[in-house]
Number of protein chains: 2
Amino acid sequence: MTQKDDFSLQDFLPFLLNRAAEDSSLEFQSHYKNRYGMLRNEWRVLFHLGTYGQMTAKDIGQRAKIHKTKISRAVAKLAERRFVSRSRDEKDRRSEHLRLTPAGEAAYRDLRSQAESYDAELAARFTPDEVALLRSMLRKLAGIEEPFAQSWEQG
Amino acid sequence: MTQKDDFSLQDFLPFLLNRAAEDSSLEFQSHYKNRYGMLRNEWRVLFHLGTYGQMTAKDIGQRAKIHKTKISRAVAKLAERRFVSRSRDEKDRRSEHLRLTPAGEAAYRDLRSQAESYDAELAARFTPDEVALLRSMLRKLAGIEEPFAQSWEQG
DNA sequence: CCTTGTTAGTTACAAAAACAACTATTAGGT
DNA sequence: ACCTAATAGTTGTTTTTGTAACTAACAAGG
């Protein structure tokens, strides 16, 4: 007499999402952690700068929905390790432009290729249609706009 | 010249999973946090005991893949608040059987109904087929066996 | 130019997680 | 019985996070 009715924890979407996220993150973590001593947020910032080029901390925060304190700390670490360089905006001296150094670029390229093959590994467990639907649903749940409906809010 | 090629962070499954998980957890958090002063792991333990009845800490850990130290501290809190009762196994005095008290049952029933409607709210953004597929894919990614293929490894 | 309000980013402190080391108990040889 | 290893759960210490408060720079109105 342990089993109850229809709705169990293992069906609850937030639980499932967390479990799937933890499982998949944990495995990928080893790449940026062991090889570069990076933390998750540092890797995320690195990846954003690698993908989109020069950005401010605020830009990254908006795009990735990471809180500004996390970004601040991640950028500090990355700058300390000479993976990113910072330069003040002369028009608005509150904000700084961040970009990867050559060393940062190299780390980005390496990790990006790791990420691509890991993503492919995960995706291979499903059909292409299923994966496309999964990504789209996750984007919706995460409050991230669809890639083709992007609004580039800055020039 | 900011846009690069095809693969961006917003397509990377571990990133998407984490973002979706954080977003959905954060919103549901208010229920167990504000109403019962619970932490996420406490709620998970409560939910497991509510769903499956009597279990040991180890059982919960295996089923939910939560580390034993988290469970230990969650159980301590729940016991302190008289939501769970503990009783030593007389055959193996290392382990204890945990079960909900009436107060724990009440909290469980309340939170469970909150969880059900929140889950329904999330699911309503998609078609039933899509949600079923999503759950199944997440289960696979999380390393959780399909519910109809469950193996009840204990008596 | 001087208030008041807002924004970009940092820092400080409290809460929670991760990890290792620990106690108590059981199990399996020999 | 005794030694070693394994297991259930707890505790202590170090990292990381979350939250709030802060500094510095801008902006708008008077």
Does the side chain of [X] get closer than 4.0 angstrom to OP1 or OP2 of [N] through an N or O atom?
| X | N | value |
| --- | --- | --- |
| Ser95(A) | dA8(C) | no |
| Arg40(A) | dT15(D) | no |
| Arg73(B) | dA18(C) | no |

Inset, instruction - Record whether the side chain of Arg94(B) comes under 3.5 Å of the base of dT7(D) through a donor-acceptor pair of N or O atoms. - result: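 Indeed, a donor on one side and an acceptor on the other fall under 3.5 Å apart.
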Spacing of [X] atom [atom1] relative to [N] atom [atom2], expressed in whole Å:
| X | N | atom1 | atom2 | answer |
| --- | --- | --- | --- | --- |
| Lys58(B) | dT25(C) | NZ | C1' | 14 Å |
| Lys68(A) | dT19(D) | NZ | P | 14 Å |
| Lys70(B) | dT15(D) | NZ | P | 18 Å |

Legend entry - Residues Arg35(B) and Asp110(B) bridged, charged N to O under 4.0 Å: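 A salt bridge is present here (some side-chain N lies under 4.0 Å from a carboxylate O).
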Inset, instruction - Classify the nucleic acid contact of Leu39(A) as base, sugar-phosphate or nothing, counting any heavy atom under 4.0 Å across all strands shown. - result: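 The answer is sugar-phosphate, as Leu39(A) gets under 4.0 Å only of primed atoms, P, OP1 or OP2.
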Inset, instruction - Would you mind classifying the nucleic acid contact of Arg86(A) as base, sugar-phosphate or nothing, using non-hydrogen atoms under 4.0 angstrom? - result: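 The answer is sugar-phosphate, as Arg86(A) gets under 4.0 Å only of primed atoms, P, OP1 or OP2.
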Legend entry - From dT10(C), dT16(D), dT26(C), nucleotide with atom closest to Asp92(B) side chain: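 The closest nucleotide is dT26(C).
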Inset, instruction - Please tell me which of the listed nucleotides, dA16(C), dT11(C), dT16(D), lies nearest to the side chain of Ser72(A)? - result: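 Among the listed nucleotides, the one closest to the side chain of Ser72(A) is dT11(C).
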Inset, instruction - For Glu22(B) and for Ala57(B), find the nucleotide of DNA chain D with the closest heavy atom, then tell me which residue's nucleotide is more 5'. - result: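 The residue mapped nearer the 5' terminus is Ala57(B).
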Inset, instruction - Starting from the 5' end of DNA chain D, give me the residue, Glu90(A) or Thr69(A), whose nearest nucleotide shows up first. - result: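 Its nearest nucleotide being more 5', the pick is Thr69(A).
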Inset, instruction - May I ask you to establish whether Arg40(A) and Tyr32(A) are in a cation-pi arrangement, using a distance under 6.0 Å from NZ or CZ to the six-membered ring centre and at most 45° from the ring axis? - result: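 The answer is no, since Arg40(A) fails at least one limit relative to Tyr32(A).
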Inset, instruction - Find out whether Pro14(A) and Leu122(B) are in side-chain contact, i.e. whether some heavy atom of one side chain is under 4.5 Å from a heavy atom of the other. - result: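 Counting from C-beta outward, Pro14(A) and Leu122(B) do come under 4.5 Å.
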Inset, instruction - Please confirm whether the backbone N or O of Arg19(B) pairs with a side-chain atom of Glu22(B), one donor and one acceptor, at under 3.5 Å? - result: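 Side chain of Glu22(B) to backbone of Arg19(B): no pair is present.
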